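Handing you a structure now.
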Protein chains: 2
Amino acid sequence: MNIYDIAKLSGVSIATVSRVVNGSPRVSEKTKQKVLAVMKENDYTPNVFARGLGLDSMKTVGIICPNIADSYMAKAVAYLESSLHSYGYDCILGCSGFGQEEKQNYVNMLLSKRIDTLVLVGSTYAGNGKDEYDTDYIREAAKKTPVFMINGRVRGDNIYCACADDYQATYEVTKSMIRRGRERILFMYDSDSFSGRQKMKGYEAALADAGYPIRGELKFRTKNDIEYTKNLLLEYSRTLEFDGVLATEDAMAIGAVKYAKVKAISVPEELSISGYNDSIMAISSEPELTSVDSKLNVLCKTTVDHMISLLEKQEEIEKNVVVPCEIVKRCTTDF
Amino acid sequence: MNIYDIAKLSGVSIATVSRVVNGSPRVSEKTKQKVLAVMKENDYTPNVFARGLGLDSMKTVGIICPNIADSYMAKAVAYLESSLHSYGYDCILGCSGFGQEEKQNYVNMLLSKRIDTLVLVGSTYAGNGKDEYDTDYIREAAKKTPVFMINGRVRGDNIYCACADDYQATYEVTKSMIRRGRERILFMYDSDSFSGRQKMKGYEAALADAGYPIRGELKFRTKNDIEYTKNLLLEYSRTLEFDGVLATEDAMAIGAVKYAKVKAISVPEELSISGYNDSIMAISSEPELTSVDSKLNVLCKTTVDHMISLLEKQEEIEKNVVVPCEIVKRCTTDF
DNA sequence: CTGAAAGCGCTAACAC
DNA sequence: GTGTTAGCGCTTTCAG
């Protein structure tokens, strides 16, 4: 059942059917109703390929994240999908993992699908900060379609970034721990991503402002994994002393809680622990964790709004948006 | 840059270029290399729309789930995407929510995108069991494209289902609690979905087999939410007595843990609690929860394998696959 | 092994 | 208001 069939059955030309389908005003009410009736009767759906061929657009946005099973990414994709859907856009999803080559492959693949725009979710796409070349593929992509980054910053034409103010967040959590008398705060991180670097800077700044030394051994590199973190802490516990833990992911913070449990260290009395992203883990834990809400919903909403302005109204939009985080205080840092 | 440009630059016809692109063997090695070189040089990508128009397929599968922010769905989508990607398929993702009308809309929308097949993730798409009409839209969709259900059962041509054996899982957890001397086991659930019904039947069967009565007041309807469940339990705690909790979602089980904490009931000594889906919550909690691993990865893997058999080899495939669950025992039921 | 040409279903410019 | 027609870029017979 195609446009020709509908035209024949309605006794009009395909042009008229096309007009009806696209809601053109230049059709008489009568013919319009007639065509609509025939369409409904025959359960007609326009062929998106044919349409796409002509318009070179399919109202589709490509979303790439490293791993949708991660609750942060999942939340982001949930927001993006639902709000894009309300604007009539579909989402093609790609989970690229963290490898440089895979990321590039995914970007190229989605680009070849003639997506209207590309969204990259997660700090990992912003490179490790050492090498500008790491992000060349994004600039390359941006020549073909606008690129939107969620929580990553990459410079270049046609690239738009929305980031949480991770610097400020870790600055404040650290300061708050210091205010409560913590002197050796462990900073737990797992990558050199853009946001990872911001978080570390915030931590360092707060220490510096308080006149505390920045100790290399308190920068604790681990994985975003409960068990791994717990075991690593246990392993280092003979030599490493700390009375506060600033985790850059909730799972690491939970690892610290589990560690404390094994060592019979009371949280938060003897050890303050704060998490990040305010995930379900933070409230599943006992005690419940203070955690940074990185305002992902705001980031995503802003991104989609900007995207629509750009795509449909050709408006100028901000290149870099920064959204403040909210520190959700539970018992583990304040007591 | 289209096929004509490449043809011209290579000094061949578009047919030859097309053959090269599609890996046809009827091209001389020499021309093939020539064309390949020109393609690479000009960074040529075939237009998917034009190709789709002719072939009426875009190697794309539609995935619908109620909410990708839910960790169970997210995990499923992660598995599906990665394994479909390895077969060269892309994923269009839709998050439909739980409303009947939204579900139908999403299905129709994806169908109109000429997806090669549709995957429905989650028990909610199997209806509430009362009304066959609820699932008519799925049978309707199946007339146009094969439909695969993850953890839901719907009868009909061209519909293929893969389910976890939830009945057996709750049967065994219940039995295990009974064996440990629990006499009043609270069954917590939140919906009349297909899997919800299976779970309840397993619970009832285990009670019956042990010669215990099935008490209506121990079938506790709540929401898949920690705080809500905790508060509901507190509210009913004056009248409701129980020494075991069989939750059909991890969040409910965590709610029970939080409730026990408020009431100073020791877990698992005084109260056994088991969760479901073996999510990150189960191990974030203190104590860590026994939980049912519903083998989502196996479900998804099987589904994709079958899908490929059907789509690419036209093979007959099983209509209903049932995968046994694994009960991951932690301290909360065994002690 | 290669080329010419007929669609695939739709949109939009152009006539009437 | 409505119809005619020329593409959009590719695949696929059918000839050679």
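The structure displayed is predicted, hence computed values, not measured ones. Naming: A, B, ... by sequence-line order, numbering from 1 per chain.
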When all nucleic acid strands are considered with a 4.0 Å heavy-atom cut-off, which category describes A:D56: base, sugar-phosphate, or nothing? nothing

Got a second to check how far B:K301's NZ is from B:L296's CG, nearest 0.5 Å? 14.0 Å

Given the ring of A:F98, does A:K103 sit roughly above its face, with NZ or CZ under 6.0 Å from the centre of the six-membered ring and within 45° of the axis? no

Looking at A:F148 versus A:Y160, is the centre-to-centre ring distance below 6.0 Å?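 That pair passes the under 6.0 Å test.
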
Nearest-nucleotide pick for B:N2, side chain only, options being D:dC10, D:dT12, C:dC10: D:dC10

Starting from P on C:dC10, measure out to CD1 on A:I14 and report it in whole angstrom.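 Result: 9 Å.
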
Check every strand shown and say whether B:S28 touches a base, only sugar-phosphate, or nothing at a heavy-atom separation below 4.0 Å.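 Counting heavy atoms under 4.0 Å across all strands, the contact made by B:S28 is with sugar-phosphate only.
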
Please state how far atom CD in B:Q33 lies from atom C1' in C:dC1, giving the value in whole angstrom units.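 Checked: the CD to C1' distance equals 16 Å.
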
Base, sugar-phosphate alone, or nothing: which one does B:R51 contact when heavy atoms must sit under 4.0 Å apart? sugar-phosphate

For A:Y72 and A:N151, run side-chain hydrogen bond (donor to acceptor under 3.5 Å, both in side chains): C-alpha distance rounded to whole Å, both residues' side-chain angles, the deciding distance at 0.1 Å, then the answer. CA-CA 11 Å; A:Y72 179 84; A:N151 219 25; 3.3 Å; yes

I'd like to know if A:R19 reaches the base of D:dG3 with its side chain such that a donor and an acceptor end up less than 3.5 angstrom apart.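 Counting by modelled atom types and ignoring angles, a donor-acceptor contact under 3.5 Å is found here.
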
Want to settle it: does B:P25 or B:A50 sit nearer the 5' end of DNA chain C, counting the closest nucleotide to each? B:P25

Assign B:V17 to base, sugar-phosphate, or nothing according to its heavy-atom contacts below 4.0 angstrom with the strands shown. nothing

Can a side chain N or O of B:T16 be found less than 4.0 Å away from OP1 or OP2 on C:dG3?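 Yes, such a contact exists.
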
Rounded interatomic separation in angstrom, taking CG from B:N22 and P from D:dT12: 7 Å

Integer-rounded Å distance: C:dG9 C1' and A:M1 CE: 13 Å

Quick one: is D:dG9 close enough that its OP1 or OP2 comes under 4.0 Å of any side-chain N or O from B:N47? no

Would you tell me if any nitrogen or oxygen in the side chain of A:T31 comes within less than 4.0 Å of OP1 or OP2 on D:dG1? no

With heavy atoms under 4.0 Å as the rule, sort B:Y4 into base, sugar-phosphate or nothing. base

Roughly how many Å is it from CZ in A:F49 to P in C:dG9, rounded to a whole number?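 Spelled out: CZ on A:F49 to P on C:dG9 is 12 Å.
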
To the nearest angstrom, how far is B:M58 atom CE from D:dT11 atom C1'?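 After rounding, the gap between these two atoms is 16 Å.
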
Check the side chains of B:T117 and B:Y89 for a donor-acceptor pair under 3.5 angstrom, ignoring hydrogens and angles.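 Short answer, no.
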
Between P of D:dT11 and CG of B:L53, the distance in whole Å: 11 Å

Using a 4.0 Å heavy-atom cut-off across all strands, classify A:V12 as base, sugar-phosphate, or nothing. sugar-phosphate

side-chain N/O A:S13 vs D:dT2 OP1/OP2, d < 4.0 Å: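 No, A:S13 has no side-chain N/O under 4.0 Å of OP1/OP2 on D:dT2.
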
Please tell me which of B:K32 and A:A15 maps to the more 5' nucleotide of DNA chain C, matching each residue to the nucleotide holding its nearest heavy atom.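 In this pair, the answer is B:K32.
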
Will you find, in the side chains of B:R51 and B:N22, an N or O donor that is under 3.5 Å from an N or O acceptor? yes

Rounded to whole Å, how long is the line connecting atom CZ of B:R26 with atom P of C:dT2? 12 Å

